[in-house]
Amino acid sequence: MDLRKKEKELGSYIGRILREHFGKGPGSVFATISHPYITVYIKDFLSPMEDKLMTKEQSKYVEKIRDMLMQSLTEEIKAFLKINLEINLNEFYYDWNLDSHTGMFIGVMESPMDEQECSYRNQDEVHDEIIKVSIKAEKPPGSIDSCMLNPRTLVIIRNEILISVEKEMIHLGFTEALTIAKRKLEKRLLNEHTPQLETYLEAKVENAFVSWNFELDKSWVVLILKPNS
């Protein structure tokens, strides 16, 4: 199947499955397949019930409900990719920005990253800025990689970032609370470093998403960009 057709089919499927599970579908879905990654950028997505909770400042309950639903949705999405698009995922991540009614799904295929295809201008400087964010939030990552999938989508991978107290919280079963806390903290820190990132990337940062795999001690950052020219 042609790549663009696969992206269109994936975007349509995500819109449909979200509508079925949340009662309201997103306004738009932008799917990108750039080996070995897939990203799905979701816009204008907030159900009427969630909207009411948001107005009462109960966003933490919206996050909890979505996290619970995504546990089953993740397997459905991976099965769809395998059966219909012949894409096998090793990893799957997601994140939401409730204030802007946006979301991001990230999938990692089985083959490794091609460093040459992923390189971009000022890549080392961008890495240094993300390391500064990590130091403020927890500790410097053991390693960091990134890939510019297209002019509007940058993915950044950090390995070995968990500190001892976070590992203990995970061991004790507090992964949900840790995830919600880290989302808020790291997004606030990313926002503080946005001016520097925009300078290096020569683009405006339209949106930022963060997700983790605590078992692998790995974190993903996805920046949605609006190029200056």
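With a 4.5 Å cut-off on side-chain heavy atoms, Val126 and Leu197 count as touching. When side chains are defined from C-beta on, Glu160 does not count as touching Pro141, because their heavy atoms never get closer than 4.5 Å. The closest side-chain heavy-atom distance from Lys139 to Ser164 is not below 4.5 Å. Between Thr32 and Val40 the shortest side-chain heavy-atom distance does not fall below 4.5 Å. Taking the side chain as every heavy atom from C-beta outward, Leu18 and Lys24 never approach each other to under 4.5 Å. Taking 4.5 Å as the limit, some side-chain heavy atom of Ile224 sits within range of a side-chain heavy atom of Met104. Counting heavy atoms from C-beta outward, Lys204 and Leu225 have side chains that stay 4.5 Å or more apart. Side-chain atoms of Ile87 and Met109, non-hydrogen and from C-beta on, do get closer than 4.5 Å to each other.
Pairing each heavy atom of Cys118 with each of Gln123, the nearest pair is O-NE2, 3.8 Å. Among all heavy-atom pairs drawn from Leu223 and Ala208, the shortest one is CD2-CB, 3.6 Å. Heavy atoms only, all atoms of each residue included: Asn84 and Glu9 are closest at CB-OE2, 4.1 Å. Of all heavy-atom pairs spanning Tyr120 and Ser146, the tightest one is OH-OG, 2.8 Å. Among all heavy-atom pairs drawn from Pro26 and Lys43, the shortest one is CB-O, 3.5 Å. In terms of heavy atoms, Phe209 sits closest to Asp95 at CA-OD2, 3.3 Å.
Ion pairing of Glu63 with Lys60 is absent here, as no side-chain N (NZ or NE/NH1/NH2) approaches a carboxylate O to less than 4.0 Å. Between Arg158 and Glu186, at least one side-chain N (NZ, or NE/NH1/NH2) sits under 4.0 Å from a carboxylate O, which counts as a salt bridge.
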**Request:** Walk me through it: do Glu129 and Lys132 pass the test salt bridge (charged side-chain N to carboxylate O under 4.0 Å, His left out)?
**Result:** CA-CA 5 Å; Glu129 211 61 39; Lys132 292 176 185 177; 3.7 Å; yes
**Request:** For side-chain contact (heavy atoms from CB on, under 4.5 Å), just list the numbers for Phe214 and Met169, CA-CA rounded to whole Å, side-chain angles, deciding distance to a tenth of an Å, and then say yes or no.
**Result:** CA-CA 11 Å; Phe214 292 137; Met169 287 182 68; over 6 Å; no
**Message:** Test side-chain hydrogen bond (donor to acceptor under 3.5 Å, both in side chains) on Asn207 and Asn97; report intermediate values, then the result.
**Reply:** CA-CA 8 Å; Asn207 230 323; Asn97 282 335; 2.5 Å; yes
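Without hydrogens or angle criteria, His171 side chain to Lys167 main chain gives no donor-acceptor distance under 3.5 Å. Between the side chain of Glu50 and the main chain of Ser47, a donor-acceptor pair closer than 3.5 Å is present. Counting only distance, with no hydrogens or angles, the side chain of Thr102 and the backbone of Leu98 share no donor-acceptor pair below 3.5 Å. Within the 3.5 Å criterion, the main-chain N or O of Arg4 finds a donor-acceptor partner in the side chain of Asp2. In this structure, Asn150 contributes its side chain and Thr153 its backbone to a donor-acceptor pair below 3.5 Å. The backbone N or O of Ser211 lies less than 3.5 Å from a partner atom in the side chain of Ser219, making a donor-acceptor pair.
Less than 6.0 angstrom separates the ring centroid of Tyr37 from the ring centroid of Trp220.
Aromatic ring pairs are classed by plane angle as parallel below 30°, tilted from 30° to 60° and perpendicular above 60°; the pair Phe45 and Trp96 is tilted. Below 30°, between 30° and 60°, or above 60°: for Phe92 and Tyr94 the angle between ring planes is between 30° and 60°, a tilted geometry.
Put simply, CG on Leu81 and CD1 on Ile33 are 7.5 Å apart, with the number rounded to the nearest 0.5 Å.
Considering Leu10, Leu85, Ile77 in turn, Leu10 is the only one that fulfils the side chain to side chain contact (heavy atoms under 4.5 Å, CB included) rule with Ile38.
In terms of the side chain to side chain donor-acceptor pair (under 3.5 Å) criterion, residue partners of Arg152 (sequence neighbours excluded) are, by chain and number, Glu206. Annotation: side chain to side chain donor-acceptor pair (under 3.5 Å) contacts of Lys182 (sequence neighbours excluded): Glu138, Glu166.
Sorted by first then second residue, the salt bridge (charged side-chain N to carboxylate O under 4.0 Å, His left out) pairs that include residues 79-92, not counting sequence neighbours, are Glu91-Lys218.
A continuous path of ILVMFWY side-chain contacts below 4.5 Å connects Trp212 to Ile130, so both sit in one hydrophobic cluster. Both Ile131 and Val205 belong to a common hydrophobic cluster when Ile, Leu, Val, Met, Phe, Trp and Tyr are linked at side-chain heavy-atom distances under 4.5 angstrom.
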